[in-house]
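Worksheet: the structure to be examined is printed underneath.
We name chains A, B, ... by the order of the sequence lines, and we start the count at 1 in each one.
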Amino acid sequence: MEKTYQPSEIEQNWYNTWEKAGHFKPSGEGDSYSIMIPPPNVTGSLHMGHGFNNTVMDTLIRYHRMQGRNTLWQPGTDHAGIATQMVVERQLAANGVTRHDLGRDKFLDKVWEWKEESGDTITRQIRRLGSSVDWSRERFTMDPGMSAAVQEVFVRLYDDGLIYRGKRLVNWDPKLHTAISDLEVLSEEENGSMWHFRYPLEDGSGHLVVATTRPETMLGDTAVAVHPKDERYADLVGKNIRLPITNRLIPIVADDYVEREFGTGCVKITPAHDFNDYEVGKRHNLALINVLDRDANILSEFTVITFDNYETQHGEKAPEAYAGLERFEARKKIVEELDALGCLEKIEPHTLKVPRGDRSGVVIEPWLTDQWYVKTEPLAKEAIKVVEDGDIQFVPKQYENMYFSWMRDIQDWCISRQLWWGHRIPAWYDNSGNIFVGRNEEEVRSKYNLDPSAEIHQDEDVLDTWFSSALWTFSTLGWPEETEELKTFHSTDVLVTGFDIIFFWVARMIMMTTHFIKDENGKPQVPFKTVYVHGLVRDAQGAKMSKSKGNVLDPLDIIDGIDLDTLLDKRTTGMMQPKMAKKIAKQTKDEFPEGISGYGTDALRFTFCSLASTGRDIKFDMGRVEGYRNFCNKIWNAARYVLMNTEEQDCGQNGGDVNLSLADRWIVSRLQQTELQVAKAMDSYRLDHVAQAIYEFVWNEYCDWYLELSKPVLWDDNASPETLRGTRQTLVRVLETILRLAHPVMPYITEEIWQRVAPLASKSGETIMTQGYPIADENRIDENADGDIEWLKGVIIGVRNIRGEMNISPAKPITLMLKNGTTEDQRRLEQNETFLKSLAKIEAVTWLGDEEPPLAATQLVGEMEVLVPMAGLIDKDSEIARLSKEVDKVSKELQRLKGKLSNEKFISKAPEDVVEKEKAKLSDAQSTFDKLNEQLEKIKAI
RNA sequence: AGGACUAUAGCUCAGUUGGUUAGAGCGCUACCUUGACAUGGUAGAGGUCGGCGAUUCGAAUUCGCCUAGUCCUACCA
């Protein structure tokens, strides 16, 4: 074996071997356990969040697979409508081509090409992370099967009256030319202005002052509203305003939407360009006047529409100066003109929330269009119930509240997108605009008894990407066919995801699944029984990782390492804002002056697990990765030691009596306790505790103590064959168990070592992956052995402490004296003298009776005094200093305990066992204190 | 505005139902190339657990208020 662990040399080989051998596929035996991967965007690449997410899932999957469950981890990718279309359009734009130049079919060919090319990136990354997904079942949301499911769902929901088409105000992205859902709009606070305008009354008797943050919309104003109880304006209600610039007459209406205290208490109402105004308009049956086109430029002819059937009444010419003007240009010009007309009262600075498209970043316009909607209320009802009933549990629990509060106030879901890339809406129209919904044109014609000669055409739009991902848990299993897989693996066991997509995805999956998938009794099935919600991975400063900030990390760069230049390249090419490049470069150089060295997959995975405490974001700390890389090396070298001492040796594989030493029994006992801890942590999704328990046991018990304790046995020329066999067997068996215990978290290193250790531990099999997960045997928890070793450790640490503080070289053999021990102490010494001599480098141990001991440095182990004679070794002053420090410590403790125990109330109210415990502590502390003082006096006296 | 979460050693984080002398890793100090490992070993230093109050014999842990930060949701034109 190499002297240090070299992850790069083994990882990819093992992955290929596992995959080829089919170990990632369900075994077909045992109770099922399944997880659906949250499908990443097929044309993107995985970031640290995915790395984390994959690690959690793979750990759970490998754990359950080793427990003998029939385990499926379903992989796949998402077509990500807007994001992908944008990428391809940007590529085309680089050559000066638009998608319209190509036309729909040619454009889609291009997208498919790009998907093929880029899809490999993701699957390669997933493989490198060690994820044991069943690649034979890989799915893509635009696969024929998936598309069929999407169509089926759309048609059935339409036929059930749960999908409708209507003209509504939607969030319109004027750059991408599509509607988007509420969730895709991000409102950030920005600095703007509040403009106060004077609107003259028709009768010339004065004016009202309205305030607005969006002057350009005034072209479409159809009323001014005041509060019905506002006395200032009571007699104006019903009168008309002569709207400046367009000179349109608009009424003054009373509506309690208006807040009297805000601004002047007068609000201009623009029903076609504001969600609130839309509601006001509806109540007062105002006209809707749309003044913007799809680019959010001013129309040359406004459309004037009534709420009644949204009938277009007539057009209205835009004031000539404004026709075709970009919206912010128009704003400027309107303010100037109003100023010139004497209608500008004042301009105040004002911070407001500006809605922007999460993809395009441009300001979203409420815009009146025809769109398709899912009526969510009935679906939400069932989706709320399954969580209330506990059919679905959130981990951590508090996310249920977030889920409920959103679900109980859910809006209808706008599912149509004016894109080309996606599932085309299965609806057809005839020339009079009648709607026909069906799986294909043929079906539509027969379903609606259409005249064969009737001309119909399919809707041009596609569905929101989340519409198809909402079906993910069952569409991947073959629905609407009633497949074996669907029966076996649905409902899935757990969904592992970040909280940021609870609304986008989790909620919608629950709605769709409960509506479409029922068990044999007609009870709605849930998509998953548990939702494990994890935090976001942030950079070392705690900032969200994002491409535009240039602080993203590719998990592979931590696995393989990357030099500074390449990393700089990666972070600064293909940016949306090239201006940022300089800043990003500096920040990157500061954080990674040497680039990043490769730490291997297992170290990265261990890091993710160790940071996976619930309900908390992860500030990614490179120092921890390094620490866990060192941990891998520790395991590696422990294995090296074990193999050096067991290979070609008798480890009891072929029978023969074994004699287990105290150390052997102790480490086996500790192993059982560790197994209990790990299982408990796994079952409660506390992967940080899993990692912690494994780390502690391996490093602080197996390596630090047990391996050291095995040395005196193995190196003892007089040791019996039974004893040697016992220790070798324990060495290999415990190591082999450690490997299985750690395998779900660190698949590669455990497999590599297991291949060599397994036969020595009488295990056989092709791979560690399918071995049984360790189960604690509580009969092997040996409290006597635990106690004895604790005692031994106490003595050894005492001696080492004296060595350390007295500057006695660890290499120098010393004599040790013990005094004032019990018979139990004597027994322990007798049985462990070899261990003690070896680990504390002691040449002789004497047991003192009542005789006066020589001057010595002292440590206490319980009542027993551990003495290292001073002659020639220890200098008086440093021993005085050392003892004084100890006395100080103990005296503080003594004070505290005395105070507590002299408190009447404590004695009378605290439970008896607690009082007893405190009393025992006090007497211990007292005797320690006395002995140390005594010793201190003695030393001082010389 | 409403809600959630977070605040523990210089840094990154644990701390089960209140009973600890508050832990780990990294970093720091001193010493050590001993036959698995310097990606190591041994011994140390370092915290009034964000603040104030309440409950209790006893609070890092429960409750209230406050401060700071993060994030949702809803928003005032």
Is any N or O donor-acceptor pair between the side chain of [X] and the base of [N] shorter than 3.5 Å?
X         : N      : result
Arg800(A) : U42(B) : no
Glu708(A) : A36(B) : yes
Lys634(A) : C37(B) : yes

From the set [options], return the single nucleotide nearest to any side-chain atom of [X].
X         : options                : answer
Phe503(A) : A77(B), C37(B), U73(B) : U73(B)
Asn637(A) : U39(B), A36(B), C57(B) : A36(B)
Asp704(A) : A36(B), G41(B), C5(B)  : G41(B)
Tyr641(A) : C37(B), U12(B), A36(B) : A36(B)
Asn801(A) : A36(B), G44(B), A77(B) : G44(B)
Trp715(A) : G15(B), A36(B), U39(B) : A36(B)
Lys619(A) : A77(B), C13(B), A74(B) : C13(B)

Between [X] ([atom1]) and [N] ([atom2]), how many Å, whole number?
X         : N      : atom1 : atom2 : value
Asp888(A) : G44(B) : CG    : P     : 16 Å
Tyr399(A) : U6(B)  : OH    : P     : 9 Å
Leu714(A) : A36(B) : CG    : C1'   : 12 Å
Glu400(A) : C72(B) : CD    : C1'   : 17 Å

So what does [X] touch, heavy atoms closer than 4.0 Å: a base, only the sugar-phosphate, or nothing?
X         : value
Arg882(A) : nothing
Thr212(A) : sugar-phosphate
Cys703(A) : base
Arg686(A) : sugar-phosphate
His350(A) : sugar-phosphate
Glu259(A) : base
Leu536(A) : nothing
Lys680(A) : base

If A45(B) has a Watson-Crick or G-U wobble mate with both distances under 3.5 Å, name it; if not, just say none.
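None - no nucleotide pairs with A45(B), as no candidate has both distances under 3.5 Å.
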
Any strand counts, and the cut-off is 3.5 Å on both contacts for Watson-Crick or G-U wobble. Which nucleotide pairs with C65(B)?
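C65(B) is paired, partner G51(B).
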
Basic-acidic side-chain contact under 4.0 Å: Glu893(A), Lys921(A):
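Judged by the 4.0 Å cut-off on N to carboxylate O distance, Glu893(A) and Lys921(A) do not form a salt bridge.
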
Do the charged groups of Lys268(A) and Asp221(A) touch, with an N to O distance under 4.0 Å?
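Salt bridge flag = yes for Asp221(A) with Lys268(A).
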
Say you pick atom [atom1] in [N] and the same atom in [M]; how far apart are they, in whole Å?
N      : M      : atom1 : result
U56(B) : C71(B) : P     : 40 Å
U61(B) : G19(B) : P     : 11 Å
C65(B) : U55(B) : C1'   : 15 Å
C13(B) : A59(B) : P     : 29 Å
A22(B) : A60(B) : C1'   : 8 Å
G58(B) : U21(B) : C1'   : 16 Å
G46(B) : C26(B) : C1'   : 14 Å

Can you check whether Phe499(A) reaches Leu536(A) side chain to side chain, under 4.5 Å on heavy atoms?
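A side-chain contact under 4.5 Å exists here.
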
With a 4.5 Å cut-off on side-chain heavy atoms, are Ile796(A) and Phe835(A) touching?
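The answer is no, as the side chains (C-beta and beyond) never meet within the 4.5 Å cut-off.
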
It should be established whether His689(A) places a side-chain nitrogen or oxygen under 4.0 Å from OP1 or OP2 of nucleotide G15(B).
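The answer is yes; a side-chain N or O of His689(A) sits under 4.0 Å from OP1 or OP2.
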
Once side-chain hydrogen bond (donor to acceptor under 3.5 Å, both in side chains) is applied, do any residues pair with Lys892(A), and if so which ones, sequence neighbours excluded?
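For Lys892(A), no residue satisfies side-chain hydrogen bond (donor to acceptor under 3.5 Å, both in side chains) once neighbours in sequence are set aside.
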
Could you go through the salt bridge (charged side-chain N to carboxylate O under 4.0 Å, His left out) check for Glu365(A) and Arg214(A) one step at a time?
CA-CA 11 Å; Glu365(A) 288 292 341; Arg214(A) 307 197 49 206; 2.8 Å; yes

Counting primed atoms plus P, OP1 and OP2 as sugar-phosphate and everything else as base, spell out the protein contacts along nucleotides 19-32 of chain B at 4.0 Å heavy-atom distance: B, S or - for each nucleotide, 5' to 3'.
BSB---S-------

Other residues, nucleotides, ligands: >12 heavy atoms within 6.0 Å of Lys793(A) NZ:
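Result for NZ/Lys793(A): enclosed.
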
Do we get Arg408(A) above Phe404(A)'s six-membered ring, with its NZ or CZ under 6.0 Å from the centre and within 45° of the axis?
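The answer is yes; both the distance and angle limits are met.
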
Check whether Tyr641(A) forms a cation-pi arrangement with Lys711(A) (NZ or CZ under 6.0 Å from the six-membered ring centre, at most 45° off the ring normal).
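Judged by the rule (NZ or CZ under 6.0 Å from the ring centre, within 45° of its axis), Lys711(A) counts as positioned above Tyr641(A).
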
